[in-house]
Every structure is written in C-alpha cells, then in structure tokens.
2 protein chains.
Amino acid sequence: MHHGKALTTLKETGYRLTPQRLMVLETIAGARGHVTAEEIGTQVRRTYPYIDIATIYRTLHLLKRLHLVTEIDPGGSSAQYELAGDGRHHHLICEGCGKTIDLPLAYLDNLHQSLRREFEFEADLDHFALRGRCSQCLAARTGTPRKDRNAWKRL
Amino acid sequence: MHHGKALTTLKETGYRLTPQRLMVLETIAGARGHVTAEEIGTQVRRTYPYIDIATIYRTLHLLKRLHLVTEIDPGGSSAQYELAGDGRHHHLICEGCGKTIDLPLAYLDNLHQSLRREFEFEADLDHFALRGRCSQCLAARTGTPRKDRNAWKRL
DNA sequence: GTCCTTGTTGCGACTCTTTGCAAATCATTC
DNA sequence: GAATGATTTGCAAAGAGTCGCAACAAGGAC
Ligand SMILES: [Mn+2]
Ligand SMILES: [Mn+2]
Ligand SMILES: [Zn+2]
Ligand SMILES: [Zn+2]
C-alpha cells in the first residue's frame, strides 16, 4: 500500500505537507493492517521525539476527512487506522470472542444506494465495524443446561 | 414509553433491581428522546445525590446488553440512550449541518439477513447512526465559485 | 436470626481523545 | 528579504468513559 496519492491530495486541497504529517502518513502506509494513534506515535518518535499525540490525532482527522485513511472503532480499545486504498472492506466484530471477520465493501452497497435515492443522503460507509455474535458464540448459547445457574452472566 | 417490561426482564434474568437501577430506568423512560449519561446523573441526583457516574454507565451497559435501552454514538459528543420500545429506528447524521434524520428499522433488514445467511453472524443493529451529508449540504458544495479560496476549509 | 456467598456501589485512578492557547512555521505580497 | 496573515504545532488541561477495589447490600441455607 503506497501513499503517493495521499501526498498529492494533501497538496491539491491546499493543506500543508508538514514533516509531522508526512511521518504519520508513512507510518500508516508502512504498517500492514490497522494501527492505533499510540503505535504511530511510538514509530514517529524514533526519528522525531517531539511529536505530540494531539498532532497525530489532528492529522488522522484530517486524513480521514479527505478519505485518505479510514478509522475503525473496535469498542473497548483505541481506534485503529488504515490507509484507504484498494483492499477496502468492513469488519464484523464478535462481542463474544472478539473475532473479526472482513466484510466485502459490496455488502453495504444496497443500503448506500437506497439512502441516496430515498433520502438524498450521501452516507460515509468507508470502513465500518458491525458488532454482533459469530456462529460459534451463537452455538455456545443454545441449549442451556438445566442447572447452569451462571448462564445469565454470559448473556 | 413505559419501562414495566424492563423491570420484569431485569428480575427474570437474575439481576437485582436496585434503587439506582430503578432511578436510571425511570429517568430514561421519563425523558422524551435521547439522554446522555450526564443528563441522567443530573436528574437522579435530585433525589439521590450520591449516585456515581460509573454506576450510571454500568447500568446503561447492562440495560443495553439486555436490549432494554439502545445507545447511539453521535461522534464528537457523549453517547445518547433511549428506551428500546416500539418506535425503534436508526439515525442519519449529517456531518455538514448536524441535522439528524430518522431511518426506519427496515432499511437495515437486508443487510442483517445477508450477514446471517452468508456469515452466520447475528449483527446487533438495534439503533444505528450513519454519518454522511444531507441533500442541502451536498447541494451547497456543487459549483464551487472560481475564486473561493476558502472552499477547501469546508471540505 | 447468623453465616456465607455473590452482586453492586462509590470512589479514585486511569486511558483515550479533544480542545484552548501561545509560539512557531509557512505562504503571499510588497 | 521584510512585513503580513493564515495554518500548524506542542503543551497543558479538560471531557468522556472504564476499571480495580474495599465497603456494602441481598439472597439463600441453616
Ligand atoms: Mn480494516
Ligand atoms: Mn434514536
Ligand atoms: Zn464469537
Ligand atoms: Zn447537512
């Protein structure tokens, strides 16, 4: 995944391409998969120790607004960021076991288009996390044994 | 909107119906529309000044797990809660003007079912907030005037 | 009632993220 | 290149939400 396009877009939209922004972008592009703001900080501080976490968050917001990176909120831990490129996708997150499943972009196409048609609403469905229960966690809950007094704790 | 069912469900599932939980529930039921945890706190403290915000959050998580209340994350401000009852719905939130549109539950039915069929994943789509741009904010962005040097700020 | 177990609360500390502000940096115009 | 105005940064403080823990309340067994 490369960030050449990101640099161009930044310039073209009139934002400044500062060293900090470049380093954040390079870190995201260099990582495989998702990274947190704190992980970006750790990496950037190797070459520029003064970067502040606020700058990183501000940069991430900017890049997100320009659709150059996508954010995901796993719920219960820090947000994760990813370069918006070819392998776009959504995520299914199981609240039982934490497992995540990649969901092809197309699964939200119908919704996206009916919102556009019927509400003239252009939804931002770049990188979504849907919570729920995976098949295994669902199976584990069927057929509760008769005397399992702790079953309700796992509701 | 009444919370009788909520009380029954709480008892039936084995959780204790403490005064704090009752007060939180009554506050949510008594409000019209969404309430934040802080608003619940302000209301409850009128009769019981010692309630802690952590207790409120814990109660809200519990009620959410039992599908008795729904949560929405407006992004940029505190989460909002609502009694799960008849008028179930989702929300479209415009990032341009802040306007919110109610979206009938049915709009996510197809998605819900294809996830169930094709991934055996039971998604939790009780009360969703979808970000994007409303028709007016989209219209306002077409046909950028030639010399509007501040246009990009509004991206 | 007492004993015992388990669930719940309030408090304080902590994490993650956002915001206000003054100083620094950059682009533009003369 | 100096003056000017706008953007960006680092720092410190605040907001929102979570977690560990000791004290407390409830329920069951006897
Ligand atoms: Mn992803
Ligand atoms: Mn609602
Ligand atoms: Zn699972
Ligand atoms: Zn709008």
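Quick caveat: nothing in here was measured; it's all calculated off a predicted structure. Letters A, B, ... mirror the listed sequences (proteins, then strands); counts begin at 1.
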Worksheet entry | For A:Glu95, all residues meeting side chain to side chain contact (heavy atoms under 4.5 Å, CB included), sequence neighbours excluded | A:Arg131, B:Asp124
Worksheet item: Can you list every pair that meets salt bridge (Lys or Arg N to Asp or Glu O under 4.0 Å) and has a residue in residues 97-112 of chain A, with sequence neighbours left out?
Response: none
Practice prompt. List for me each residue that meets side chain to side chain contact (heavy atoms under 4.5 Å, CB included) alongside A:Thr36, sequence neighbours excluded, and say none if there are none.
Written response: A:Glu38, A:Glu39, A:Ser78, A:Gln80
Worksheet, complete the sentence: To the nearest angstrom, the OH-C1' distance between B:Tyr48 and C:dT8 comes to 11 Å
Discussion item. Using whole Å, what does the distance between atom C1' of nucleotide C:dC11 and atom CD1 of B:Ile51 come to?
Written reply: 14 Å
Fill in: Heavy-atom protein contacts under 4.0 Å, nucleotides 17-26 of chain C, coded B base, S sugar-phosphate only, - none
SBBB----BB
Worksheet, complete the sentence: Between CZ of A:Arg45 and C1' of D:dT9 the distance, given in whole Å, is 14 Å
Worksheet item: In Å and rounded to the nearest 0.5 Å, what is the CD to SG distance from A:Gln136 to A:Cys97?
Response: 6.5 Å
Fill in: Remaining members of the apolar cluster that contains B:Leu108, side-chain heavy atoms under 4.5 Å
A:Leu92, A:Ile101, A:Leu103, A:Tyr107, A:Leu108, A:Leu111, A:Leu115, A:Phe119, A:Phe121, A:Leu125, A:Phe128, A:Leu130, B:Leu92, B:Ile101, B:Leu103, B:Tyr107, B:Leu111, B:Leu115, B:Phe119, B:Phe121, B:Leu125, B:Phe128, B:Leu130
Practice prompt. For A:Lys11 and C:dA27, give me the distance from atom NZ to atom C1', rounded to whole Å.
Written response: 13 Å
Worksheet entry | Nucleotide D:dA25, atom C1' - distance to CG of B:Leu17 in whole Å | 14 Å
Response to the item:
Between its two end axes (five pairs each) the helix from C:dG1-D:dC30 to C:dC30-D:dG1 turns, nearest 10 degrees, through 20°
Worksheet item: With respect to the phosphate group of D:dA25, does any side-chain polar atom (N or O) of B:Gln20 fall under 4.0 Å of OP1 or OP2?
Response: no
Worksheet item: Rounded to whole angstroms, how far apart are CG on B:Leu10 and P on C:dT8?
Response: 9 Å
Worksheet item: Applying ring pair (Phe, Tyr, Trp, His ring centres under 6.0 Å), which residue pairs with at least one partner in residues 49-84 of chain B are found, sequence neighbours left out?
Response: B:Tyr48-B:Tyr50
Discussion item. Quick test of your reading: applying salt bridge (Lys or Arg N to Asp or Glu O under 4.0 Å), list the pairs with at least one residue in residues 5-14 of chain A, sequence neighbours left out, ordered by first then second residue.
Written reply: none
Worksheet, complete the sentence: Atom CG of B:Asp73 and atom C1' of D:dT18 are separated, to the nearest Å, by 15 Å
Worksheet entry | Within-4.5 Å side-chain heavy-atom neighbours: A:Leu22 and A:Leu7 | yes
Practice prompt. Using the salt bridge (Lys or Arg N to Asp or Glu O under 4.0 Å) rule, collect all pairs that involve residues 13-35 of chain B, keeping only residues at least two apart or in two chains.
Written response: none
Practice prompt. Provide, to the nearest angstrom, the distance between the CD1 atom belonging to A:Ile56 and the C1' atom belonging to D:dT9.
Written response: 12 Å
